[in-house]
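Have a look at the structure below before the remarks.
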Amino acid sequence: MNKTVIETRALRKHIPASGEKNTDRRDLLILQDINLTVQAGESVAITGTSGSGKSTLLGLLAGLDTPSGGELRLLGRDIAQQDEDQRAEIRLGKVGFVFQSFHLLDNLTALENVMLPLELASGQRAIRTLAEAALTQVGLAERMQHLVNRLSGGEQQRVALARAFVTRPQVLFADEPTGNLDKTTGKEVADRLFSLQKEQATTLVLVTHDETLAARCDNWYRLDAGVLTAEKIAEVA
Amino acid sequence: MSVHSPETNPAAESANGFMTRLGVFALQWRRRWRLSEMRLLFVALLVSVVAVSSVGFFTDRVDRAMSKQASRILGGDLVLSSSRPLAQDYRDQAREAGVTQAESIALTSMAAKGDELQISRVKAVSGQYPLQGELEVASALDAPGQPVAGLPASGEVWAEARLFTTLNVQPGDSIQLGRQSFTLSRVLTKDPARGTNLFQMAPQVIMNLADLAATGLLSPASRAGFDLMFTGSDGAINDLRAALKPRLKPTEQIRSLDDGVPTVQQALQRAGRFLGLAALLSVVLAGAAIALTAASLVRHEMRAVAVLKAFGLPRRTILWDYLLNLWVVALLAALLGLLLGFVLQFLLAGWLARFVDISLPAPGSWPLVTGLLTALIMVTGFALPYLLRLVDTSPMRILQGAMQGQNQVFWLVSAGIVPAVFGLLWLQAGDSLLALWLFGGIVLALLVFWLVATLFLRGVARLSLRPGWEWLALVRHSRRSALLVVVFATGLFTLLLLTVLRTDLIGRWQATLPDNAPNYFLINIQPQEVDEVRAFLTQRAIEADLYPMIRGRLTQINGQPVSSADYEDPGSKRLLQREFNLSSFADFPATNVLLAGEWFDGQSTAGFSIERGVGEELGFGLGDSLTFDIAGLPYQETITSIREVSWDSMAPNFFVVAAPGAFADKPQTFITSLYIDPAQTRTVPALIRQFPGVTAIDTGAIVAQIRSLIDQATFAVQGIFVFTLITGVIVLLAALQSQKAERRREIAVLKSLGAVHSTLKKRIWLEFVLLGGLAGLLAALFTLLASNLLGYYLFELEVALNLWIVLAGVIGGAALVSGAAWFNLRGLLEITPVALLKG
């Protein structure tokens, strides 16, 4: 019953030589020949040093950016060949995000932020109830009507988790989800992330510096100078 | 700003410090200039300086041209008048004060040629007359007048054409004035100091003062007017006035330019007020743009300041660096703005000169000062509060982006914006009471806008949480949306207000003087001539209403005797010293407005209708009774209505009108005003020949003068309106720009969540149509209120409830705001959400 959710073949990304800062007039290669397959319900971690291309790869996998070459399929669709709107439609209601800097909309309440993806995906019913349930699930039942810029970092990231999971997405992309949080808060957010992922059987692609976090995933890949290699997963208690 | 370690050797710093600072400043300048906020700030400052300075230069020149014109009509900058000969002391005093003087003695006398006699006004004048402007004379009756230097030679006089017609003489003939015979050498076509008294019936004769004694016309018993006219620098004139005033005898009176505005200039005065108001509003609007831009600039600079503070740079250094930067921007904007404003007003004046016969004096220097001050006040007042907040926040808080403290709003407002707005208003209005009123109005408008917008948007946000209403979710950012509504509403309010006032003003001016505005007055028509005069006019297809004119002296109010001694005010005294021109007729004059009471119906035979001003001046109103002495008999009636009279309408106007037929048995003459096509040169001479007793007064010159002033005013009003429009658009863009960073992130998040191009496009349009419509509605409602208040108190316009403004406000607001928003934000739709992954 395993189904492939993400599949790449010889995926490449480079920045053309005309770039302002690229003085040696050669293309800057960021990702080379990435081959990756992610099955439904699987959790995958990608680690690497700063500048190794982690975020670029995540952006490509999620269809936020376009590759320079190779094949890329997301949820069964060849998104390398699609325009921005077509890629957005694939994401709508089926793909969730958690960002390092949360990227919640200031001046909206926690509840309003969580309602946003449901409102965008037309045909949703009981939007408010679903959003309230999602917030309750991340332990923010008491803070729903608070403006998000009044919440602590941990609380903001929990709102972001609620926003990501409220549409019950098939895939969740997480970019350093605990990067801006202290160790305790980070662990709490990570626990919730994995528990929601398990509960909803969501496919998770996680980019992180944090090897402890990476070790909690089913598969772990390391990205080094644009080259992706598989990492052996240590047993986690 | 120099980033240096605190341990730097002071001596080394003094050697290198300046250059380092200069270099770092230049670097910072280049960096900041790349920010769109800085460029927007520059444009906002530029537009406001151009508006303020071009209006300043222009109105300054027009003002001085008007004063010059007014002093011509007066005969000098200061005139000392008396019914008795004036003491030699006054002349000596004026000589000491260093002012130029001239003298005239005017009296009424009979001019004779054989058996023909004509009452004329003889004016004997001394060497320097007229002090302002020139006399114009013609060598033949049908020849055009030419300016002439000097006065009639001894033994010669110049007279107006009417004297030639009635005495049937030609230039070169001689006439008798008193004991002396004079050669009537020239036709007098213009005497700048003739005065605007249209009812001066007798033709004027000008002679040299030296000849007056020989005529024997002036005796201790003669009724004559003695005038000493002075002209000189403002200082000398003010000193002279101050010196003369305490010494005046009861029969003597000083008149100067400040003592009342000729009706001719009302139009320009209103235009001046409108221009001032428009410039003021565009400055306030530009101020709003600057405040918004500064807020946005501060957000941009947060990290930079945090880093500098973390490096140990003191607050003061950072603050000074930013202030210096802003002042340089303000200075550049001011210099360029002044230059543009100067050029622009020259173009305006040059263009105007092709249409209007008015020569403007050279521009003064005061607008340079106001232009520069405006830029500095604006940038300091509107940006400083934000800078203070920026440098006052700890580096940690800045790095965390937590700068939301709401309790700082009031502090912020009071720290810079309040004094800045008030200072600008005062600088522009030049009147602290008016500035205070305007300031109060602006604050009230902003508060109401804010309150209504917040309540409305909260309601919408609540509604959007209900199933089926989610589409309203896009205005959920209630604070951000409320700010936009307030800014948009303020901008739209300014535009609507000026549109309404402009349309009303111009419409009213043009209605005041249609193409066929009366250019002649006929006076002294005897009752038995009325039918024949009517027939004469009808035959030539000339329309005219003839009004009876009865002279009466006001003797009692509510049965109590009154005299000039009962009043302090010289104007009130004069009203009681002279006879009123009374009239009686059935049709309400088209150019008047009924303020209170009721006009005479078909059956009324009793009652008086009075002009508002005379009632206020002498202290009577509806229900009071007035008694006039008409030809020695008292005539009493109760006041039944009060009218507003348009004195510049060129139609006969009366302070007091009685019911039709009320004066049938009183001695009276008739008066009318009419339009005679200037091409019909024979009409007036034919009329005078047929009715020798009737006097025709040519008011064409005055009409032309008023018309040219109106053209000038209309043009200037249109010009300044364009400035305000530009400023309004800049404010819209500044408001949008100030939220652009937030919107960029928002659009990226929405895209990452799967929003497609068309969804985002729809959201932007719908959001701004809603916000623009709401702002337009608020602006329109406030415009209705303010235009009526301003129209009534400043421009003497009638109160009107134009509901189309509401419709125009809502539709215009929605269209303008959504259009501007789309123009400003459409680029953001091209953003790829991958930017979100960079943290």
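Just so it is clear: chains get the letters A, B, ... in the order the sequence lines come, proteins before strands, and each one is counted from 1. All values below were derived from every heavy atom in this structure, side-chain atoms included, with hydrogens, water molecules and symmetry-related copies excluded.
Nearest heavy atom pair, residue A:Ala88 against residue B:Ala755, reads CB-O, 3.7 Å. In terms of heavy-atom proximity, A:Asp85 sits nearest to B:Ser758 at OD2-N, 4.3 Å. A pairwise comparison of heavy atoms in B:Arg745 and A:Leu104 identifies NH2-O, 3.3 Å as the closest pair. Of all non-hydrogen atoms in B:Gly754 and A:Leu92, the two that sit nearest each other are O-CD1, 3.4 Å.
Of the two parts of A:Arg87, neither the backbone nor the side chain holds a non-hydrogen atom closer than 4.5 Å to a non-hydrogen atom of chain B. Contacts of B:Leu760 with chain A are absent, with no heavy-atom separation under 4.5 Å from either backbone or side chain.
To the nearest 0.5 Å, atom CG of residue B:Leu750 and atom CG of residue A:Leu105 are 6.0 Å apart. Taking OG from B:Ser752 and CZ from A:Phe173, the interatomic distance works out to 11.5 Å, rounded to the nearest 0.5 Å.
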Dump the intermediate steps for side-chain contact (heavy atoms from CB on, under 4.5 Å) on B:Glu746 and A:Leu116, then the final yes or no.
-> CA-CA 11 Å; B:Glu746 187 178 315; A:Leu116 201 63; over 6 Å; no
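Between B:His757 and A:Asp83 the shortest side-chain heavy-atom distance does not fall below 4.5 Å.
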